[in-house]
Amino acid sequence: MLEEQVHQKAVDNQTPGATRRFALSAPGSKPTRTSKKTSSLATRGMDGKYQIIRTPDALRQACEHLLQSEAHGLDCETTDLNPHSGRIRLIQLSTPSATYVIDYDRFNRDDFQPLKPLLESPKPRTICHNGKFDQKWIKHFLGIEIAGLFDSQLASQLIHYSPGQHNLEAVSRKYLDVALDKSLQRSNWEGELSEDQITYAARDSQVLVPLREAMIPRLTELGLIKAAQLEFEAVVALSDIELAGIFLDRELWQQQVNNVSRQHEIIARELQEMLAEGAMQTTLFGHSDINLGSHTQIADALRQMGLPINGATNNTVLLPLKDQFPVVAKLLEYRALDKSLTSYGQAWIDQIHPQSNRIFPDFNQIGAPTGRMSCADPNVQQVPTEKEYRQCFRAPEGRKLLICDYSQIELRILAELSHDRGFVDAFRSGADLHRTTAASVFNVSLDNVSKEQRDFAKRLNFGVVYGIGAARFSFMTGMPLNEAEATLRRYFQTYRQLDEYLREAGQHAVDNHSTRTLSGRLVQYRFDPADREQVSGVRRRGRNAPIQGTSADIIKRSLALLHHELKGTSARIVNVIHDEIVVEVDPDDAEEIGHRVSAKMVQAATEYVKTIPILAEPSIADEWVK
DNA sequence: GTGAAGGGCCAC
DNA sequence: AAACGTGGCCCTTCAC
């Protein structure tokens, strides 16, 4: 995980059913206690003083006061990380002049109505740190959606992406020079709460308004307001995705695990025998197994068998040897099965929620410096494409899946950025880009492009997005190096403006130590300009980042648009995989929703890619199989 | 025991 | 092995 659970509010031991109340005395009592009485903190409204809210009347009055301010901080303390298994304990709302700590258990759901206009209108702004977390709880328990969110965690990541440095404590220290004591973050929020705990909760919400004030000038200076808005508007959608979870067919997955497990056992035994035999370790009494998961033992064994192995034993090294050496073929077979069994095995079943048969992954909205999202526990962005796995992600009874993905979005972004005539024309005419590329690079007519030539061209087109070199292209195609070099030369002669753009993009990143996506998102690089290897690394990343990052901008914009588009329908977004969105929907609505999803995805992309046609094809299915 | 690092491999 | 970008997950190895 990128951050050590920024809003880790889980409890160490849960005692469900606890009905005890706060250990505070008089209801509605005025602030009684402050943690650290420094006047500067007091004047800035960060002294830990609070008003506890326990009656509907007091809540109404608090909301009236909050409506007067331009912005308020919002924070929740909960008994768990997961809204499906925990409950809200406190809701803190804070302006520079007052902090309200709402004792959640004292209220019925209806009592929270006054919060609705406060949070659901874009003004006043609602400031959260990791708003996805708070939004999930507020939505799940109160049905409220935050409209005017400012997320200080996302803002911090936009200003300077440095993994692990974006929790509230670090951000408060950096922007406000305020030391937050987070020792109570993981304390028990289940039973009676101590005054220290409540003061801690109050202070967490008190830093939010000052944080926004400190961050807006930075965002403005760095030209990040638009990117920030994009991020903030995607939060509600991502919250809903996490709340929805995704259906996973336990029996089907188990069946697949069993199949793989059987194969794994057989192949492991055969591999052991081949390795032992080859290494002549067999004795009259049998041989001792080596650890097939140990790279060093595998490498040693293969070397003893006379294979040209230096250090690595990965796929690229082994693949060329597999026809000549049966043991290598067996090892590759074993590795594939082992990967399946370990990475896509029991762990996934353990994650399935017993009542709903759904899994609830964590999305990291800015999971990469380019702005790409990442996902974990489990990572539903890396499910093997094989049908055996994808079919386990099926629509539950009485529902359909709607899968919509962009067609070649990164290459279209590259066409937009480079204005390359060949790329632009191909996309505008709807021609097969890879075939067109092959015809030019291999100097044949369009009709005479062979399957192999088209395949080479396809690898090239995708490779340039990553800054591929001749050596790599030669290796992956089996083309001799000099031929690969010549092919790359012809490629960039064909696409002159592409070549020019990519060179400039790389150099720009090196010169400026940064680059940008089309939303204005800043991607920064720290490196030593005297280190040639680092420089070429930055050059490659600088070519890729605007493309990959703009693609991330686009999918986030899609999520924001779709969230509003699908409101009040039977559709729920259940997964997002970089250029693909998976929606669960009632069968009767599937077709219509499909058109709407596609239209919104196209609209989102068109906001950034203005000169190249965009395609997003919806398909309706029972399983997550394209 | 725990955690970091290295190696390998899954996705887009 | 690699001068092909971005992640997360699993395993082993090794240090503390």
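Residue numbers start from 1 in every chain, and the chains themselves are labelled A, B, ... in the order their sequence lines are given, proteins ahead of strands.
Near DNA chain C, meaning a heavy atom under 4.0 Å away, there are no residues from residues 500-523 of chain A. Listed by residue number, the members of residues 325-353 of chain A with any heavy atom below 4.0 angstrom from DNA chain B are R335(A), K339(A), Y344(A). Contacts with DNA chain C (heavy atom under 4.0 Å) in residues 238-268 of chain A: none are found. Contacts of residues 402-413 of chain A with DNA chain C (heavy atom under 4.0 Å): none. Contact check of residues 454-467 of chain A against DNA chain C (heavy atom, cut-off under 4.0 Å) returns Y466(A), G467(A).
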*asked:* Q497(A) vs V424(A), test: side chain to side chain contact (heavy atoms under 4.5 Å, CB included). Steps then yes/no.
replied: CA-CA 11 Å; Q497(A) 288 126 315; V424(A) 170; over 6 Å; no
*Please walk me through it: do Q229(A) and K226(A) pass side-chain hydrogen bond (donor to acceptor under 3.5 Å, both in side chains)?*
CA-CA 5 Å; Q229(A) 202 56 32; K226(A) 197 181 155 200; over 6 Å; no
_Verdict with reasoning, Q254(A) to Q346(A), per side chain to side chain contact (heavy atoms under 4.5 Å, CB included)_ = CA-CA 8 Å; Q254(A) 183 69 62; Q346(A) 186 63 36; 3.9 Å; yes
*Could you go through the ring pair (Phe, Tyr, Trp, His ring centres under 6.0 Å) check for H508(A) and Y501(A) one step at a time?*
CA-CA 10 Å; H508(A) 181 278; Y501(A) 166 75; over 10 Å; no
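Spacing of P atoms, dG7(B) relative to dA2(C), comes out at 9 Å, to the nearest Å. dA1(C) and dG6(B) have their P atoms separated by 16 Å, given to the nearest Å.
When heavy atoms are screened at a 4.0 angstrom cut-off, T313(A) is found touching the sugar-phosphate backbone but no base atom. Within the nucleic acid shown, R390(A) comes within 4.0 Å of sugar-phosphate atoms alone, with no base atom in reach, counting heavy atoms only. The residue G311(A) sits close only to the backbone: its heavy atoms come under 4.0 Å of sugar-phosphate atoms, none of a base.
Side-chain atoms of H513(A) and P529(A), non-hydrogen and from C-beta on, do get closer than 4.5 Å to each other.
A 6.0 Å sphere centred on CZ of R496(A) holds no more than 12 heavy atoms belonging to other residues, nucleotides or ligands. Within a 6.0 Å radius of CZ in R303(A), more than 12 heavy atoms belonging to other residues, nucleotides or ligands are found.
There is no side-chain donor-acceptor pair under 3.5 Å between D300(A) and Q304(A).
Two rings, from H578(A) and Y406(A), have their centers 6.0 Å or more apart.
Among the nucleotides dC10(B), dG7(C), dC12(B), the one closest to the side chain of P384(A) is dC10(B).
Heavy-atom nearest nucleotides on DNA chain C were determined for Q382(A) and for T316(A), and the one closer to the 5' end corresponds to T316(A).
The closest donor-acceptor contact from the side chain of S407(A) to the backbone of A616(A) lies at 3.5 Å or more, if one exists at all.
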Within the sub-3.5 Å range, which N or O atoms of nucleotides 12-16 of chain C have a protein N or O partner, and how far apart are they?
{"from": "dT12(C)", "atom 1": "OP1", "to": "N291(A)", "atom 2": "ND2", "distance (Å)": "3.2"}
{"from": "dT13(C)", "atom 1": "OP1", "to": "S294(A)", "atom 2": "OG", "distance (Å)": "2.8"}

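Taking the six-membered ring where the residue is Trp, F473(A) and F456(A) present perpendicular rings, their angle passing 60° and hence far from 30°. The aromatic rings of Y495(A) and F423(A) sit perpendicular, their planes meeting at an angle over 60°, well past the 30° parallel limit.
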